[in-house]
Amino acid sequence: MTGVTVIVIPQPTVNGPLHIGHLSGPYLAADIAARAAKFRGERVLTLAGIDVHPNFVHLKAEFLGVDPVEMVAKFRGQIATAFDLAGIGYDVFLDPQDPHFERAMLGMLAELVARGAAPVREITMHECADCGRTLHHAYVVGKCPICGSGANGLSCEPCGGFTSAELLVDPSCAWCGGSPRPIGVRVPVLPLEDYRAHLVAEWQLADLPPRIRGFLAHYLDNPLPDYPVAYPTNWGIECDGELSGLRLDFPTELGLSYLYGPAKALRPDADTLDGRVAAFEDVDGIWHFNGIDNAFYFTVLYPAILAAAGVGRPLLRGATVNELYLLEGQKFSTSRNHALWADEFLATEDPELVRLYLSFDRPDRYESDFTRESYLAFCDYIRPLLRGELPPGPGRPAVLAPAELERAERALQLAGFDSALAVRCLLGALTAGAGTNSPALAALAGRQPDPAPASP
């Protein structure tokens, strides 16, 4: 029997509800790819969840002047509703608010520190000279050291580069605008350069789009950073023991969760680092669905965490990456209320039509643009086809339908995944009288087989 392919749906950050730009990117694509693989009889394990611990969450609550716990509960509910209405299925739900999850994260971190894989070192970080915050992730802004674009202390949205406060050009506090002040701290770090040979093997074997290859070229020519896996900060899972006073870095938490999740499904009794690593004997590979801005994490940090834990063979099989999705020509913006919230939109629309249109218009190779006019025109065109009604006048010759369907189904394979091409071919097949029972249509529209999701 072949091994399992793990498909990672990125956990949405609970600093707001999902909008249709999110859906058009990794969420629908990962669900469609997993459904198509299950139709083909392949063994896949889909991970989903929520991301509670980025300091983006705490910063958003501060800006709104609300209790962060209450805000998390509200946005978590909206995200769960969007998942349910969109038909996004999963096999394992990674829940940071589950006490077992939290214990597992801290236990694995402690084992990495004890083994010397994440040694505790004195390093220089920065805090705000005015408000005293540790400047990391959402709390710091500046310019990307790789491409010069504006960035926060997590990653650069245009190029995907790693942008810590120590690397940003002209950094400042995102909360009060204060200047950075260097501080010496003792934190566990993952020396990524130690895993260069392993990471290069991952990159050579993985199916990665040209934009990611271009991003990785920088790290082929420059040293990989030492990555702090815990911080002195005010939000996130609190560490214990010798790491008391620190909180687990949330991308490190995500990386460890991709070790925890497959083990939870494949070997539920595993409760140690070695036990969870052993579960990966059943895993053939991992496929990430994500935005370009997270390139550093799914190509560098997460594979390095698995390697540090003891997974000795390259498992990154590829990444399906999306660009930004615009709304009526502009970026989605919560502050300007320029958004279509997924839970609200899906509550009033046919989810199958939403899935098909967002796949048709997916921003996979360039920024694409949602317009209400084009969405309604698409719905008017495809709705009768889904009822088995052919358009008036001469349609495509019926002899073309099998080829169109085959191309649609091949476009939904993990390697070379292209849901926009699949929808276009499906439209051609439907107008040639192919019928509405194809696996490609079922995967795109969210029909059976449907993994039974637990409620987040």
Exercise for review: Determine, stepwise, if the pair Arg76 / Asp95 fulfils salt bridge (Lys or Arg N to Asp or Glu O under 4.0 Å).
Suggested key: CA-CA 11 Å; Arg76 176 179 176 139; Asp95 185 356; 2.9 Å; yes

Practice item. Verify ring pair (Phe, Tyr, Trp, His ring centres under 6.0 Å) between His137 and Phe250, making sure each step is shown before the conclusion. Key: CA-CA 10 Å; His137 299 336; Phe250 88 87; 5.2 Å; yes

Exercise for review: Please report the C-alpha distance between Lys74 and Glu70 in whole Å, then the side-chain angles of each, then the deciding distance to 0.1 Å, and finally whether the salt bridge (Lys or Arg N to Asp or Glu O under 4.0 Å) criterion is met.
Suggested key: CA-CA 6 Å; Lys74 174 187 174 183; Glu70 293 178 1; over 6 Å; no

Practice item. Apply the test side-chain contact (heavy atoms from CB on, under 4.5 Å) to residues Leu154 and Asp293: give CA-CA distance (whole Å), side-chain angles for both, the deciding distance (0.1 Å), then the verdict. Key: CA-CA 9 Å; Leu154 181 67; Asp293 54 325; over 6 Å; no

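By the 6.0 Å contact criterion, CD on Glu389 is enclosed, its count of non-hydrogen atoms from other residues, nucleotides or ligands being greater than 12. Annotation: Arg407, atom CZ; neighbour count of heavy atoms from other residues, nucleotides and ligands within 6.0 Å does not exceed 12. For Asp380, the CG atom sits in a packed shell: over 12 heavy atoms of surrounding residues, nucleotides or ligands are nearer than 6.0 Å.
The pair Glu323-Arg211 counts as a salt bridge, with a side-chain nitrogen and a carboxylate oxygen less than 4.0 angstrom apart. A salt bridge does not link Arg410 with Glu404: none of the charged nitrogens is closer than 4.0 Å to a carboxylate oxygen.
Asp51 has its side chain within reach of Pro54: a pair of non-hydrogen atoms, C-beta onward, lies under 4.5 Å apart. Using a 4.5 Å cut-off on side-chain heavy atoms (C-beta onward), Leu47 and Pro262 make contact. In this structure, the side chains of Val141 and Ser172 come closer than 4.5 Å at one or more pairs of heavy atoms. Between Thr320 and His288 the shortest side-chain heavy-atom distance does not fall below 4.5 Å. Put simply, the side chain of Ile286 reaches to within 4.5 Å of the side chain of Leu306, judged on heavy atoms. Here the side chains of Ile20 and Trp341 are not in contact, with every heavy-atom distance at 4.5 Å or above. Taking 4.5 Å as the limit, every side-chain heavy atom of Glu42 sits out of range of all side-chain heavy atoms of Val4. Residues Pro180 and Glu127 are not in side-chain contact: their nearest non-hydrogen atoms beyond the backbone lie 4.5 Å or more apart.
The CG atom of Leu324 sits 10.0 Å away from atom CD1 of Ile292, with the distance rounded to the nearest 0.5 Å.
At least one donor-acceptor pair closer than 3.5 Å links the side chain of Arg355 to the backbone N or O of Ala443. Without hydrogens or angle criteria, Thr134 side chain to Pro232 main chain gives a donor-acceptor distance under 3.5 Å. At least one donor-acceptor pair closer than 3.5 Å links the side chain of Asp31 to the backbone N or O of Gly89. Without hydrogens or angle criteria, Asn294 side chain to Asn290 main chain gives no donor-acceptor distance under 3.5 Å. Although no hydrogens or angles enter the test, the distance criterion places a donor-acceptor pair under 3.5 Å between the side chain of Tyr27 and the main chain of Pro10. With hydrogens and angles disregarded, no donor-acceptor distance shorter than 3.5 Å links the side chain of Arg396 to the backbone of Ala432. Side chain of Lys60 to backbone of Asn15: a donor-acceptor contact under 3.5 angstrom is found.
Under the 3.5 Å distance criterion, with hydrogens and angles disregarded, no donor-acceptor pair is assigned to the side chains of Arg40 and Gln413. Residues His136 and Asp249 bring no donor and acceptor atom of their side chains to less than 3.5 Å of each other. Side-chain atoms of Trp287 and Thr5 include no donor-acceptor pair closer than 3.5 Å.
Between Phe378 and Phe360, the angle of the ring planes lies from 30° to 60°, which puts this pair in the tilted group. Aromatic ring pairs are classed by plane angle as parallel below 30°, tilted from 30° to 60° and perpendicular above 60°; the pair Tyr297 and Tyr302 is tilted.
Taking the ring centre of Tyr325 as origin, the terminal cationic atom of Arg362 falls outside the region bounded by 6.0 Å and 45° from the ring axis. Taking the ring axis of Tyr139 as reference, the NZ or CZ atom of Arg133 stays within 45° of it and closer than 6.0 Å to the ring centre.
A ring-centre distance under 6.0 Å is found for Phe417 and Phe289. Aromatic pair His19/Phe345: ring centres not closer than 6.0 Å.
Applying the ring-ring contact (aromatic ring centres under 6.0 Å, His included) test to every pair with at least one member in residues 157-181, sequence neighbours left out, gives these pairs: Phe63-Trp175, Phe162-Tyr227, Phe162-Phe296. Listed by first and then second residue, the ring-ring contact (aromatic ring centres under 6.0 Å, His included) pairs involving residues 140-160 amount to none (not counting sequence neighbours).
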Sequence neighbours excluded and cut-off under 3.5 Å, please list the side-chain donor-acceptor pairs for residues 200-207, or say none.
unit_1, atom_1, unit_2, atom_2, d
Glu202, OE1, Leu315, N, 3.2
Glu202, OE1, Leu316, N, 2.7
Glu202, OE2, His198, NE2, 2.9
Glu202, OE2, Leu315, N, 3.4
Trp203, NE1, Thr299, O, 2.7

